[in-house]
Amino acid sequence: MSGNRRHAVTTAGVVVVTYRRPEYVRTCLQHLAKQTFEPTRITVVDASPDMATREVVSDFPNVEYRRNELGAGTTATSRAIGIADADEDVVAFIDDDAFAEPQWLEMLLKPYADRDVVAVGGRAINGQPGEADEGIGEIGLLLPDGRLTGFFAADPGRVVEVDHMLGANMSVRLDAVRAIGGIRDLYPGTCLREESDIALRLRRAGGRIVYTPYAIVRHVGGTYARGRRFDSRYQYFGARNHVVLLATTLGWRDPHVRRYTRTAMRSVVDDAVGGVRNARKRSGLAAKASGLAGGTRRGAIGLIGTGAGFIAALRAQSRIKQTPRAGE
Amino acid sequence: MRLNAYVLAGDPAWVEQSIASYYEHVSKIVVSYDSSKRSWSGAPLSVDEALQRISAVDPDGKVVLLPGDHVGTTGEHILTVETAQRQRALDAASDGADWVVQLDTDEIVPSMTAFLAQLDAAAARGAQALEYPARMFYARTHDGGFLEHCGRWWTTQTGFPGPVVVAAGTRLTHARQAADAPLYRVDVSPWNRDPAHARGARVHAVVPREQAILHLSWVRTEEQMREKSVVSGYANTKDWTLSLRRWRQRAAHPRRTVALTPLVRSAFDRFRLTRLPEFDRLDP
């Protein structure tokens with residue numbers, strides 16, 4: 001591979017984490033087989049209760065199959081299993097429903113020529129209109145109020161600095177991840193924020209993270225293990241896991257934690273006020289009640305999720321102190 | 001990072017202090033003005049005084065004069081004329097630059113170090129325009145203090161008339177605003193402090209309020225205010241007789257004005273008293 005000679009990084013592995021999506025895994029692996037930079041190894045980590053994915057992987061002789069017996073809601077554990085005995089310079093993570101363009105890995109590795117770069121995120125095209133232009137200038141930021149921005153489909157036309165990455169398309173320098181204690185799994189349910197955990201800890205350790213719009217995957221969005229995107233469960237774990245993320249990666253004394261608490265409370269109030277406004281706008285008692293209930297429900301879920309996040313963060317910190325981390 | 005600037009000459013108030021605040025960090029300052037020394041609406045403008053003052057703060061010969069025809073025709077909206085003048089100046093300033101500062105001549109940067117650090121951050125994030133907070137000053141009081149626009153409970157409030165730095169070659173869409181340029185927005189708080197923006201508007205970075213731009217918009221002499229009422233881009237959208245009367249009253253009775261702030265409905269008519277020691281001995 002000519003690409004291997006051009007980069008400071010000479011070895012790279014790819015980890016695909018999956019749960020009950022065998023056909024997506026097949027397509028994902030077919031795309032990985034066409035890479036212009038050949039990975040040293042490709043590992044599929046499967047948390048499914050059945051063996052369907054194992055059968056698919058057996059069709060790809062150079063792909064390693066590993067099990068995560070903890071099942072759904074343990075994506076970070078799957079990542080940790082994927083890098084457990086890896087010795088490559090860099091490991092790239094790709095979702096099972098993300099299909100890489102042929103130059104994906106080659107482009108993902110280029111920014112590592114700068115030794116300060118410890119992680120590189122790539123672009124995930126979702127097929128939404130205008131997504132290439134939306135959010136340029138604010139891709140992958142940890143905002144001062146504690147929220148995170150996404151916009152990982154944006155194309156700023158060059159490599160830009162970010163605070164975190166999209167788990168569907170990201171890579172890390174292995175020695176940097178080991179230096180911060182490996183990958184840990186504190187994000188149950190929808191697993192929201194588990195990928196940001198790695199990024200924020202790397203940033204806190206002084207590492208530089210960049211986003212390259214040239215490392216492209218087509219993110220088709222497979223079915224969820226449970227529920228739908230943006231349903232109540234998604235909202236609850238979003239609120240819960242975000243508090244865990246900030247408190248355990250940045251520490252309780254970091255201003256982002258305090259600010260996010262205020263931001264979350266503002267959001268609860270805004271949801272409730274939005275519900276009242278919705279009720280006013282609608283005609284008919286049932287419609288008014290539905291509008292009011294929608295806003296109140298969103299606010300309540302946010303409040304409960306944030307509260308649960310604080311409790312979970314305290315427990316998580318206790319666990320972090322007591323047990324060795326996954327991936328160490 | 002190569003930095004140029006442009007200014008519109010016609011408003012002499014605070015022009016020396018404004019240009020001096022960033023002078024050493026730019027390579028070239030394009031000074032745009034109307035050749036007939038009139039405003040966008042055709043009213044006489046203090047171009048000569050402004051040019052004289054600008055010349056006095058240009059020891060290194062960075063100023064490049066750019067005269068042009070910037071009086072609007074009948075029926076043409078003033079802001080359209082303003083945008084065209086700014087675009088011409090910006091195009092000229094873009095030559096040889098990566099970024100162009102577009103501060104008005106009554107806007108002063110207290111800390112260029114902080115300002116440039118945020119510009120670096122904006123560039124690293126892929127933005128093409130930097131919005132930086134401005135504290136808006138309304139009037140000077142008899143004891144040398146200032147009436148500053150603020151929130152209902154005298155909290156710091158900021159204003160964003162548009163990005164104050166844009167990438168060279170940016171296309172302006174409305175006065176200083178560039179709708180197509182990705183923005184990086186700095187404020188003095190993690191939560192938006194500009195009543196003209198949506199409550200939940202994202203803030204990308206925070207600077208201490210002492211580092212916010214000082215926009216001495218209405219801190220002027222009576223004569224300068226009279227001229228502003230005629231030549232301003234908002235000349236036709238305000239009752240200037242009423243606005244000037246209120247301006248005089250508020251400056252004459254600052255304590256009463258400040259005390260009434262929590263009761264005032266309009267977010268743009270709330271004031272607090274502020275001291276700016278560095279301006280104690282300066283006149284607009």
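A note on names: the letters A, B, ... follow the listed sequences, proteins ahead of strands, and every chain is numbered from 1. What's counted below: heavy atoms across the whole structure, side chains too, no hydrogens, waters or symmetry copies.
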Quick check on B:Ala124 against chain A: is it the side chain, the backbone, both or neither that has a heavy atom closer than 4.5 Å?
both

Mind ranking A:Val162, A:Val160, A:Val210, A:Thr149 by heavy-atom pairs under 4.5 Å with chain B and telling me who comes out on top?
A:Val160

Under 4.5 Å from any heavy atom of chain B - which part of [X]:
X        : value
A:Arg266 : both
A:Leu141 : side chain
A:Asp155 : neither
A:Arg158 : side chain
A:Asp133 : neither

Treating [X] as the side-chain partner and [Y] as the backbone partner, does any N or O pair qualify as donor plus acceptor under 3.5 Å?
X        : Y        : value
B:Asn4   : B:Asp95  : yes
B:Arg270 : B:Cys150 : no
A:Arg218 : A:Ile125 : no

Within the 6.0 Å centroid threshold, strictly below: [X] and [Y]:
X        : Y        : result
B:Phe271 : B:His149 : yes
B:Phe146 : B:Trp218 : no
A:His164 : A:Tyr211 : no

Is [Y] paired with [X] through a side-chain N to carboxylate O contact shorter than 4.0 Å?
X        : Y        : result
B:Glu148 : B:Arg135 : yes
A:Arg115 : A:Asp175 : yes
B:Arg171 : B:Asp180 : no

Hey, is CZ on A:Arg297 packed in by over 12 heavy atoms from elsewhere, all under 6.0 Å?
yes

More than 12 heavy atoms of other residues, nucleotides or ligands under 6.0 Å from CZ of B:Arg152: is that the case?
yes

Contacts of residues 185-196 of chain B with chain A (heavy atom under 4.5 Å):
B:Pro190, B:Trp191

Going through the checks in order, is the side chain to side chain contact (heavy atoms under 4.5 Å, CB included) test met by B:Phe137 and B:Leu147?
CA-CA 6 Å; B:Phe137 291 88; B:Leu147 278 176; over 6 Å; no

Identify the residues of residues 298-310 of chain A whose heavy atoms come closer than 4.5 Å to a heavy atom of chain B, ordered by number, or report 'none'.
none

side-chain contact (heavy atoms from CB on, under 4.5 Å) test vs A:Leu108 passes for just one of A:Val120, A:Ile216, A:Val90, namely A:Val120

Only pairs of heavy atoms separated by less than 4.5 Å count here; which of B:Gly126, B:Ala205, B:Ala122, B:Ala127 has the most with chain A?
B:Gly126

